[in-house]
Amino acid sequence: MKKIIILLIAVSFQYSTLQAQEEKKKKANLAVKVIQNSQAGFSPLFVGSFETNKNFDITFYSMFWTNTAFGNVQSGSDQLLETGIGLGFKLMGGNLFLNPGVGFGHGKFFSDVGGTLIGEAVIPNTFVAYHDAIFDIEAYIAYYKSLRDRDDISTRDLFLFWAAPGINVSDRVVLGGFFEELAFMNLEDDNGTDENIQVYRFLGGSVKLKLDNGLAFRFSAGANLVSDVGASDEFYKVSAFIPL
């Protein structure tokens with residue numbers, strides 16, 4: 001009888017240990033952000049993270065630019081794809097999230113080659129978010145540097161920045177502004193001199209709706225201040241953030 005009691009205690013202890021280990025298992029998250037931009041078109045973004053024992057998470061993302069102009073216009077192939085990894089830091093008691101990373105562009109968007117190139121561009125980038133009882137602020141900056149510079153291939157770099165500062169007017173609604181800028185960098189003109197071309201520079205207002213379970217919806221619209229390529233004078237951008 002004593003052996004049976006000891007065996008039952010040992011089995012119970014092992015079960016409790018396994019349960020505790022399962023509870024301490026690090027979280028892994030995945031979400032999709034569906035974006036429609038009046039200039040760039042439709043682009044779903046997948047983002048995820050793995051918790052670590054350090055003071056940062058390991059993050060990753062993949063963005064699919066479905067606009068046929070970002071690839072082979074005739075067939076819709078060779079379109080721009082971004083994949084990347086980074087580190088996510090939760091600071092200031094969790095109110096500030098800082099996520100520097102590096103991505104790679106694949107396709108044929110950054111050069112005039114005949115087809116898809118893997119690792120066509122390197123993309124250092126940083127996402128910042130700050131949330132408290134008053135402020136709701138998000139911003140992103142990235143530089144797309146072509147890796148296929150050759151004398152027989154024409155290449156281009158890309159600069160992207162957007163910011164959405166807002167104020168919580170209720171638990172569900174954030175009102176604020178929106179700014180986004182996209183430019184081609186270091187393009188050679190007819191004289192062989194480098195120049196920058198402004199694709200657009202958006203400035204307007206933004207409404208963000210915060211739903212349950214981390215879901216969020218944002219609509220932004222306003223004026224296009226500058227464009228060297230004849231983009232529309234007005235813009236809109238809509239996005240939905242959906243944790244999976």
Side-chain angles (χ1 to χ4, degrees), residues 27-51 57-71 79-90 94-107 109 121 123-131 135-144 158-166 168 172-182 199-200 202 204-222 235-244:
K27 293 181 180 179
N29 302 295
L30 182 66
V32 60
K33 187 175 185 180
V34 183
I35 305 167
Q36 174 69 30
N37 180 319
S38 58
Q39 181 67 27
F42 179 69
S43 49
L45 167 67
F46 288 85
V47 294
S49 65
F50 295 98
E51 280 190 336
D57 296 342
I58 297 174
T59 63
F60 61 92
Y61 78 93
S62 184
M63 188 159 191
F64 306 90
W65 297 88
T66 64
N67 190 330
T68 54
F70 293 177
Q79 290 171 302
L80 174 59
L81 166 68
E82 286 186 49
T83 56
I85 59 173
L87 299 177
F89 298 90
K90 297 176 182 178
N95 290 339
L96 176 63
F97 180 68
L98 180 63
N99 186 194
V102 60
F104 292 91
H106 318 283
F109 182 66
I123 311 165
N125 58 81
T126 299
F127 173 74
V128 179
Y130 180 82
H131 306 284
F135 297 105
D136 185 298
I137 302 170
E138 297 177 354
Y140 178 78
I141 187 170
Y143 191 90
Y144 297 69
L158 188 70
F159 172 80
L160 174 64
F161 171 75
W162 64 261
N168 295 300
R172 298 288 191 184
V173 180
V174 178
L175 297 180
F178 183 80
F179 177 84
E180 182 168 333
E181 180 177 21
L182 180 69
V199 180
Y200 60 75
F202 295 157
S206 178
V207 178
K208 178 181 177 181
L209 304 179
K210 297 186 288 186
L211 309 176
D212 295 332
N213 301 318
L215 279 78
F217 175 86
R218 184 193 298 277
F219 179 78
S220 306
F235 82 93
Y236 69 82
K237 184 175 183 179
V238 62
S239 65
F241 183 80
I242 309 169
L244 301 177

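For reference, positions follow the sequence shown, starting with 1.
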Residues which pass ring pair (Phe, Tyr, Trp, His ring centres under 6.0 Å) with F89, listed by chain and number, not counting sequence neighbours: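 F89: ring pair (Phe, Tyr, Trp, His ring centres under 6.0 Å) contacts with F56.
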For F202, which residues count as a ring pair (Phe, Tyr, Trp, His ring centres under 6.0 Å) partner, sequence neighbours excluded?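 By the ring pair (Phe, Tyr, Trp, His ring centres under 6.0 Å) rule, F202 matches Y200, F235.
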For a 4.5 angstrom cut-off between non-hydrogen side-chain atoms, does [X] reach [Y]?
| X | Y | result |
| --- | --- | --- |
| I58 | I85 | no |
| K90 | D57 | yes |
| L160 | E180 | yes |
| N168 | K208 | no |
| T66 | P44 | yes |
| V174 | K210 | yes |
| V173 | L209 | yes |
| L211 | F241 | no |

Working to the nearest 0.5 Å, report the span between [atom1] of [X] and [atom2] of [Y].
| X | Y | atom1 | atom2 | value |
| --- | --- | --- | --- | --- |
| F127 | F97 | CZ | CZ | 7.5 Å |
| L80 | F64 | CG | CZ | 11.0 Å |
| T126 | Y140 | OG1 | OH | 8.5 Å |

Checking A164 now: which residues fulfil side-chain contact (heavy atoms from CB on, under 4.5 Å) with it, not counting sequence neighbours?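 Result, side-chain contact (heavy atoms from CB on, under 4.5 Å) vs A164: W162, F178, R218.
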Listed by chain and number, what are the side-chain contact (heavy atoms from CB on, under 4.5 Å) partners of V238, not counting sequence neighbours?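 By the side-chain contact (heavy atoms from CB on, under 4.5 Å) rule, V238 matches Q36, F217, F219.
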Do the side chain of [X] and the main chain of [Y] share a donor and acceptor less than 3.5 angstrom apart?
| X | Y | value |
| --- | --- | --- |
| S62 | F46 | no |
| T59 | G88 | no |
| N67 | A69 | yes |
| E181 | F161 | no |
| N99 | L87 | yes |

Work out which heavy atom in [X] is nearest to a heavy atom in [Y]; give both atom names and the distance.
| X | Y | value |
| --- | --- | --- |
| S220 | S206 | OG-OG, 3.1 Å |
| F50 | A28 | CD2-CB, 3.7 Å |
| A31 | P243 | CB-CA, 3.7 Å |
| I35 | S239 | CG1-CB, 4.1 Å |

Begin from the C-alpha positions of N125 and Y61 and carry the test side chain to side chain contact (heavy atoms under 4.5 Å, CB included) through to its verdict. CA-CA 11 Å; N125 58 81; Y61 78 93; 3.6 Å; yes
Please name all residues satisfying side-chain hydrogen bond (donor to acceptor under 3.5 Å, both in side chains) with Q39, sequence neighbours left out, ordered by chain then number.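 Checked Q39 against side-chain hydrogen bond (donor to acceptor under 3.5 Å, both in side chains); zero matches.
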Taking side-chain hydrogen bond (donor to acceptor under 3.5 Å, both in side chains) as the definition, give me every residue that meets it alongside T83, ordered by chain and number, with sequence neighbours left out.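 side-chain hydrogen bond (donor to acceptor under 3.5 Å, both in side chains) list for T83, sorted by chain: H106.
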Run the side chain to side chain contact (heavy atoms under 4.5 Å, CB included) check on L81 and F104 step by step: do they pass? CA-CA 8 Å; L81 166 68; F104 292 91; over 6 Å; no
Assess the residue pair I137 and V128 against the criterion (side chain to side chain contact (heavy atoms under 4.5 Å, CB included)); give the C-alpha distance rounded to whole Å, side-chain angles, the decisive distance to 0.1 Å, and a yes or no. CA-CA 8 Å; I137 302 170; V128 179; over 6 Å; no
